[in-house]
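Accompanying notes for the structure given below.
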Amino acid sequence: MEALIEKVSGSTEIANQLNLVRYERVQSLLSPKQQKLFDLIAYLIQHHHPQLPGGNSALTPFGINQFQDSDKTNLACDIFKLPKLTSNAAEPCAFEGVYSMGSTASFGQNPKSDVDVWLVYKANLSNADLTLITEKTTALTQWFASFDFEVNFYLVHPLQFRECSAFENCYSSLGEEHSGSTQHWLLLEEFYRSHIRLAGKTVAWWPNSKQDESTLFLGDVQTMPATEYFGASLWQLYKGLNKPHKALLKVLLLETYAADYPESNFITAQIWQQCEQGDFSESNDAYLILYQRIENYLLSKRDIRRLEIVRRCFYLKCGVNLTNACVGSDWRRNKMQQLANDWNWPPSLLETLDNSQHWHSGQLKWFNKQLNELLLISYRTLLEFASKQALSDRFRVEELGMLARKLHTYFSDDEHQLLPLNKLWSRSVFEPNMTIIHSIKESRYYLYRQPLKSGQLLGESSIIKADTPTALIAWSAMNGISTNDTLWQEYGRKKHRSSVLTDLACRLVPLMAAPSKVSKAELCQPYFYKKVIVVANVDGDPTQKWQGQEIMVDYMNGNVFSLGKKQQNMLSTIELICLNSWGEWQCHRFKGEQGLLDALAFTALGLKGMPEQVDIQIVVCAERLKKQINDALLAMFNLCVRYCHQARASSALMHPVELSDKRYGLFFNSMGLVYKELTGNEVKVAPIKVKRFKKPELTAPTAVLKKDPYRSIPSVIKLYISKGAKQYFLRQRPDALDVFIIDESNQLMHQIFDDMTMKELVEKESHSFAFERDESSLHYFNMPQFFKLERIDGELTVVPFGIAINELSSDI
């Protein structure tokens, strides 16, 4: 027994020595103000007072085990004019300890790094207690942010990693900063290798450590299941949407761990081994060892291309500016210079990397492309590794679906989707001049960030390509590359073309600049359009040759889709720029005689929400009749939105419309819209008046609409069917499981299972999709959606599977 106590005491002494070294390192990398703020983190958890930040309720639990007041916290209180409170050892403590973790105090800490703090709370706290603590920490995060210092707090149950299934409040649900069930032991391993004890018990993180009253034992990472690599890689890809360089390093570390499985030699064990040998130098750093592990792994595979990108990611993550000789003392600088020399980096590359805050859109696009490719390579490797395992019981497949849907927004192979450009470190991506070049051979348009002057484009690479100029302009407006001060030109076109494109860009900037928040409820359900921007007459504008007077069109209330005795249609091309509830922007072009009708039918597919949820905007690029075309299109699309919604409660609605010299019927039902040319006396149609649309006529559309393939399914399902995603609608009957399956092309399949529960079916289909598909498939993240059919207040209702109602409103 004495030997055991002596061993624990010796290990605690080593852990405390490393803790002191890390504390000194983090202080050396912070500004004087940030140093004092860092010292206040534990103080504000130890004390609770109305005059302190976060003083939300007298019932909020506070106090940290073994907390000791210090001169540093007293000084910090003086600087920020906070009351200095004295700790009372007799008071009950709500927390076992407070710890920072992540890149803090490591090679990975840079001036923009945040501080992640784990609050390990006492097991006897109630859910009401945790709610009050969460309110307090949210207020504290806001208070620290007011000083430009980002601090994020995470509540951790002391048995969260050992006996989590026994506690209902064990882990937070999936969110922007919470990994939910996607990773468990890997999260603990990262905490062990990187944490700093700010107050409370020493963490027993050394090999073969056990629970001891004087220390905090959270679990043994050596018991990590292989399946966790898949969930963790998916989570890191999600985190990579904002910080792909950081995510790439972590995903590759997972790949190195998986390559050694089951003999994984975690970084945690290596750090401890070196500490036991008395090595507390910068070489024994968690982030540096992380890089070295990846380097050795990639060298063993002779994968020099990935290694070069990894080196750049590591350098940028560290933020050590080697080309700036005026930078103050940094304990990492000499080691980073040695690494750069070993990598044979020329001065020009260092200058480019150190100038990353001024990278232009072309550099960002190239680097993002490399990062995305490498992330997907690692993901595929980990997917193959995990496919040989069963999904962990801890892993919630509904969270897998949400993460996959979010990733689909960024890794989509849909050529119509406008993918966001990650600005990484760049402060501004604005371009004063943009040039479009049309490749007749490829029938594609290429975008360049230079003006159209002699020799300016020689040797330059395009930023992006698309099917239409509008898609290029929309992508630029969405990503902040094009502003109201950007001049647009198209090679081989006249000056008038430049003014048309520039005006279009100016109109799109305010409509597409604001980022769209996406909730869990939206990711769990079929998409619907939040915004539809209708762009008319970018090409082939017929109003240029029109000889009439605009005032007469207004006076006669003329139909711009069938104008005058010649019944001319003033609409040439029509393009839809759509933002859906999954946060995806897309751009589609419709042209030809029936282009407007095709655009309306396409829009109807995404009108699953309420009419007031859809924002319709019109941008007319015509030379003349701008207002008349704008009013006509706005009325037509608003009509489409309204009738699609009304048709849910009716068998069908029909509205007549006249285009050029032909008449069409628009038929609305619960599935959307179809149109048919009307001939003879089928329907008598008067010329459409822009502001005098007839009330829709109820009609039997059986001659127009094909036989309803969904006649046999519950009608409520029709409101949720969405093209492009596989959907499962599950109804539990007393003796069987009823399953309606709608595939990506909206084909229906009905199956009945006698010996399978909902949960078993969802897990089986999710596992099949994730692990058993053709390797050539690019749709890694287009996961199926699962819904339950339940009766609520006597009415059959569709509910997302596995997501609690209180979770649905939060963002992800």
Side-chain angles (χ1 to χ4, degrees), residues 430-440 442-457 460 462-478 481-512 533-554 560-561 563-564 566 568-577 587-592 595-596 599 617-633:
F430 160 71
E431 294 291 348
N433 294 278
M434 301 297 282
T435 299
I436 296 173
I437 295 181
H438 182 218
S439 169
I440 299 176
E442 297 182 29
S443 191
R444 302 275 278 175
Y445 292 84
Y446 289 79
L447 181 63
Y448 295 81
R449 48 173 294 278
Q450 285 83 18
L452 187 56
K453 294 181 181 179
S454 177
Q456 285 283 89
L457 298 177
E460 290 293 333
S462 64
I463 302 175
I464 194 173
K465 61 183 177 180
D467 289 337
T468 68
T470 301
L472 296 177
I473 294 173
W475 178 82
S476 301
M478 160 192 165
I481 298 169
S482 180
T483 70
N484 291 336
D485 298 320
T486 303
L487 177 66
W488 284 81
Q489 296 171 288
E490 185 173 349
Y491 179 77
R493 302 290 293 269
K494 297 179 181 179
K495 285 186 177 180
H496 174 70
R497 180 64 170 176
S498 176
S499 63
V500 169
L501 298 181
T502 301
D503 180 65
L504 172 60
C506 290
R507 296 282 301 278
L508 291 181
V509 165
L511 298 178
M512 302 185 68
I533 305 171
V534 184
V535 180
N537 289 22
V538 172
D539 293 297
D541 179 18
T543 68
Q544 292 178 331
K545 298 180 180 179
W546 182 67
Q547 300 297 318
Q549 296 181 341
E550 294 185 34
I551 193 172
M552 291 303 295
V553 175
D554 291 334
V560 292
F561 306 136
L563 195 58
K566 296 183 179 180
Q568 292 177 277
N569 186 354
M570 294 293 104
L571 197 64
S572 56
T573 59
I574 184 168
E575 291 170 87
L576 301 181
I577 305 170
C587 183
H588 296 263
R589 169 174 281 201
F590 306 89
K591 55 186 179 181
L596 173 60
Q617 298 287 337
I618 311 294
V619 178
V620 180
C621 299
E623 189 171 319
R624 304 180 65 196
L625 295 171
K626 282 182 180 287
K627 181 180 182 302
Q628 292 82 356
I629 295 174
N630 180 89
D631 292 346
L633 287 173

Check side chain to side chain contact (heavy atoms under 4.5 Å, CB included) between Tyr491 and all other residues, then give those that pass, not counting sequence neighbours.
-> Ile437, Leu452
With sequence neighbours left out, the residues meeting side chain to side chain donor-acceptor pair (under 3.5 Å) with Ser476 are none
Does any non-hydrogen side-chain atom of Leu447 lie less than 4.5 Å from one of Ile473?
-> no
Ser498 side chain to Trp488 backbone, donor-acceptor under 3.5 Å | yes
Hits for side chain to side chain donor-acceptor pair (under 3.5 Å) against Arg507, two or more places apart or cross-chain, chain-then-number order -> none
Tell me, please, which residues at least two apart from Ala474 pass side chain to side chain contact (heavy atoms under 4.5 Å, CB included).
-> Leu418, Leu508, Met512, Ile577
Is any side-chain heavy atom of Asp503 less than 4.5 Å from a side-chain heavy atom of Cys621?
-> no
side-chain contact (heavy atoms from CB on, under 4.5 Å) assessment of Val538 paired with Thr468 | CA-CA 10 Å; Val538 172; Thr468 68; over 6 Å; no
I would like to know whether Val619 and Leu511 meet side-chain contact (heavy atoms from CB on, under 4.5 Å); could you show each step before the answer?
-> CA-CA 10 Å; Val619 178; Leu511 298 178; 4.2 Å; yes
With rounding to the nearest 0.5 Å, note down the distance linking CD in Gln544 to CZ in Arg624.
-> 10.5 Å
List for me each residue that meets ring-ring contact (aromatic ring centres under 6.0 Å, His included) alongside His438, sequence neighbours excluded, and say none if there are none.
-> Tyr445
Separation between OG (Ser572) and CG (Leu596), nearest 0.5 Å, reads 11.5 Å
Start with the C-alpha gap between His496 and Glu623, add the side-chain angles, then the distance that decides, and say whether side-chain contact (heavy atoms from CB on, under 4.5 Å) holds.
-> CA-CA 10 Å; His496 174 70; Glu623 189 171 319; 3.9 Å; yes
Taken in chain and number order and not counting sequence neighbours, the residues that satisfy side chain to side chain donor-acceptor pair (under 3.5 Å) with Asp541 are Asn537, Thr543
Given side chains that start at C-beta, do those of Val509 and Thr486 come closer than 4.5 Å, heavy atoms only?
-> no
With sequence neighbours left out, write down each residue that passes side chain to side chain contact (heavy atoms under 4.5 Å, CB included) with Asn569, or none if nothing qualifies.
-> Phe561, Leu571, Leu659, Ser660
May I ask you to test the Ile481-Trp475 pair for a side-chain heavy-atom distance under 4.5 Å?
-> yes
What's the shortest heavy-atom distance between Leu472 and Lys465, and which atoms?
-> CD2-C, 3.9 Å
Sub-4.5 Å side-chain heavy-atom contact between Cys506 and Asn484 | yes
OG of Ser499 to NZ of Lys494, rounded to nearest 0.5 Å, is 12.5 Å
Does Leu576 reach the side chain of Val534, with side-chain heavy atoms less than 4.5 Å apart?
-> yes
Across all chains, not counting sequence neighbours, the side chain to side chain contact (heavy atoms under 4.5 Å, CB included) partners of Ser439 are Lys441, Glu442, Tyr446
Decide yes or no for Ile574 and Lys591: does some side-chain heavy atom of the first lie under 4.5 Å from some side-chain heavy atom of the second?
-> no
Heavy-atom check, side chain of Arg449 versus side chain of Met434, under 4.5 Å | yes
Determine, step by step, whether Glu490 and Thr435 satisfy the side-chain contact (heavy atoms from CB on, under 4.5 Å) criterion, reporting the C-alpha distance in whole Å, the side-chain angles of both residues, the deciding distance to 0.1 Å, and the verdict.
-> CA-CA 6 Å; Glu490 185 173 349; Thr435 299; over 6 Å; no
Residue set satisfying side chain to side chain donor-acceptor pair (under 3.5 Å) with Asp539, at least two apart, ordered chain then number -> Arg497, Arg589
Rounded to the nearest 0.5 Å, how far apart are CG of Leu633 and CD of Gln617?
-> 13.0 Å
